[in-house]
Number of protein chains: 2
Amino acid sequence: MSSYPPFAVTVDLVVLTVQGDELSALLVRRGVPPYEGQWALPGGFVDIDEDLVDAAVRELSEETGLVDPAGHLEQLGTYGTPGRDPRGRVVTVAYLALLPDLPAPVAGSDAASAQWQPVSRLSEGDLAFDHDRILTDGLERARAKLEYTPLAAAFCPAEFTIAQLRAVYETVWQTRLDPRNFHRKVTGTPGFVESTGRVTEGDRGRPAQLFHRGPASLLYPPMLRPAAE
Amino acid sequence: MSSYPPFAVTVDLVVLTVQGDELSALLVRRGVPPYEGQWALPGGFVDIDEDLVDAAVRELSEETGLVDPAGHLEQLGTYGTPGRDPRGRVVTVAYLALLPDLPAPVAGSDAASAQWQPVSRLSEGDLAFDHDRILTDGLERARAKLEYTPLAAAFCPAEFTIAQLRAVYETVWQTRLDPRNFHRKVTGTPGFVESTGRVTEGDRGRPAQLFHRGPASLLYPPMLRPAAE
DNA sequence: CAAATAGTGTCTCTGAGACAGTATGAG
DNA sequence: CTCATACTGTCTCAGAGACACTATTTG
């Protein structure tokens, strides 16, 4: 092995959640150079005997304090352009995590320096390294996947109403959906959601049925994102 | 950098083409351990100052002899489970390449040991390392992308007929499509194909118009893969 | 001429979107 | 009661699939 070019390998995480009517990403403020004091995606070096996804789960739990939160984690892509990290040749494997709005948003060991930031307030150049690009790719992946997978439910608590699920779509896509057609579509797509029999109480208006995620991994027919203009 | 765990980084390529009515992948026979004598995906180590995609392009041209073939290349995913390579901790970034059927299929420096193999004849365990898995992932990616992108044209020569394009779909999806509806759908989807004004000659039947790829990067509405049964 | 392939017209059915109308809660 | 939200029914239009039909070549 010593004859092969030595690389460092990191994982970085695009962690998204829906808070109120904002799509937010988990960011950490860097405490050490390079890019000291700037915001960055959470992440870190992969141990030499650690699987990539395990490193991602470890970093996620270190940053959020949550062990196995009931969301979604998938590989996003790998970024390894020479010079992307001034410390040397670092290849980073980016992961995308979608989480429900957490009771205690960030409670890990690095809590002081980590916080949720609405993606609408971020602009090119705000983040360290090439993390702007990675975040942009993660957002586009998330938006695309809402169309043909039931992943919107990953942003919701274990039990949720159709209106909550609709709010996820509206927030992530920055669009308005007709509540009546949305209801019919979601409940009519096999395997998307399953009724729990329970209903909400104490809200305004008629109580809503509570659902949990169905068994489908692909939506057929897909949810259609209104065409951009 | 010396304080970070040292990894080796490779690129591996899932190179697909359509030959006759078969979807084939480019495989190389390994000449050195580990897995000496077994078939594997083409690939190799990334140079310490080389971009990942450049390494993929370099390996592709070394194996096929073609510089910038008019196909498609995209990152597929990264595989880095400890133990996947007996030589040590090797993380590989897999790329997916879609190429038109080449006049001289494989004419690179490693030509003797490289050849196209129909994917239908390959089964679990045929390939070295975790390349079975990578190939499977590449196939699924290719099949999915035909639905919502114009990538089928990457399997065709620069100018092609609607029937040739249909043959790509039928081969990759292992299905039959109605020639008449297919024709209407493809020519009616904005930006998918553009007429060259030329027609074929010398074939049986009425001459067909020749098209080249249109400017669209996403098909709307998408091509629908017949539901699996 | 027949056979083969290219391309068009038209019907039916499904599903998306618009939106009226009904159900059931809080105040 | 009013208001708000949940949910259902129904209409219209676009597009997928089935398939009859026309067009243009080779032999």
Side-chain angles (χ1 to χ4, degrees), chain A residues 21 146-148 152 156 159-170 173 175-212 216 218-229, chain B residues 21 146-148 152 156 159-170 173 175-212 216 218-229:
Chain A
D21 58 350
L146 289 206
E147 290 199 69
Y148 56 94
C156 295
E159 298 193 351
F160 52 87
T161 65
I162 301 297
Q164 282 178 281
L165 191 66
R166 179 167 46 86
V168 168
Y169 278 93
E170 293 183 334
W173 284 350
T175 188
R176 288 276 130 193
L177 299 173
D178 185 290
R180 300 158 295 182
N181 291 335
F182 183 85
H183 189 283
R184 214 163 6 90
K185 178 71 192 276
V186 167
T187 54
T189 298
F192 194 173
V193 296
E194 286 176 342
S195 175
T196 63
R198 275 189 289 284
V199 294
T200 56
E201 40 185 59
D203 289 341
R204 274 180 313 189
R206 173 176 167 177
Q209 277 187 270
L210 284 165
F211 294 82
H212 55 75
L218 237 49
L219 300 182
Y220 196 86
M223 305 293 295
L224 285 186
R225 175 162 34 165
E229 284 137 53
Chain B
D21 59 350
L146 289 206
E147 289 200 71
Y148 57 93
C156 296
E159 297 193 352
F160 52 87
T161 65
I162 301 298
Q164 281 179 281
L165 191 65
R166 178 166 47 85
V168 168
Y169 278 93
E170 293 182 336
W173 285 350
T175 188
R176 288 276 130 192
L177 300 172
D178 184 288
R180 301 159 294 186
N181 292 334
F182 183 86
H183 189 284
R184 212 163 8 89
K185 178 73 193 275
V186 167
T187 54
T189 298
F192 194 173
V193 296
E194 285 176 343
S195 176
T196 64
R198 275 188 289 284
V199 293
T200 56
E201 40 186 60
D203 289 340
R204 274 182 312 193
R206 171 174 169 180
Q209 278 187 268
L210 284 165
F211 293 83
H212 55 75
L218 238 49
L219 300 182
Y220 195 86
M223 306 294 294
L224 285 186
R225 174 160 37 164
E229 284 136 50

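None of these values were measured; they are calculated from a predicted model. Computation of the quantities below employed the complete heavy-atom set of this structure, encompassing side-chain atoms and omitting hydrogens, waters and symmetry-equivalent molecules. Residue numbering restarts at 1 for every chain, and letters A, B, ... go by the order of the sequence lines.
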Worksheet item: Taking protein heavy atoms under 4.0 Å as touching, what does nucleotides 17-27 of chain C look like 5' to 3' if B marks base contact, S marks sugar-phosphate-only contact and - marks none?
Response: BBBB--BBBS-
Worksheet item: Phosphate oxygens OP1/OP2 of C/dA6: is one of them under 4.0 Å from a side-chain N or O of B/His183?
Response: no
Worksheet entry | Contact summary for B/Thr196 and B/His212, nearest pair of heavy atoms | CG2-CD2, 3.3 Å
Worksheet entry | B/Tyr169 side-chain N/O to B/Ala152 backbone N/O, donor-acceptor pair under 3.5 Å | no
Discussion item. Expressed as a whole number of angstroms, how long is the span from B/Phe211:CZ to C/dA6:P?
Written reply: 11 Å
Discussion item. Using 0.5 Å steps for rounding, measure from the CZ atom of B/Arg180 to the CD1 atom of B/Ile162.
Written reply: 15.5 Å
Worksheet, complete the sentence: chain B reaches DNA chain D, atoms under 4.0 Å from its heavy atoms, from D/dA16 to D/dT26
Practice prompt. Indicate yes or no: at least one non-hydrogen side-chain atom of B/Lys185 is less than 4.5 angstrom from one of B/Pro221.
Written response: yes
Discussion item. Between A/Val199 and A/Leu210, is there a side-chain heavy-atom distance shorter than 4.5 Å?
Written reply: no
Worksheet item: For A/Leu146 and A/Leu219, which heavy atoms make the closest approach, and how far apart are they?
Response: O-CD1, 4.3 Å
Discussion item. Minimum heavy-atom separation for B/Ala216 and B/Pro190, please, with both atom names.
Written reply: CB-O, 3.8 Å
Worksheet entry | Under 3.5 Å: donor-acceptor pair, side chain of A/Glu201, backbone of A/Pro207 | no
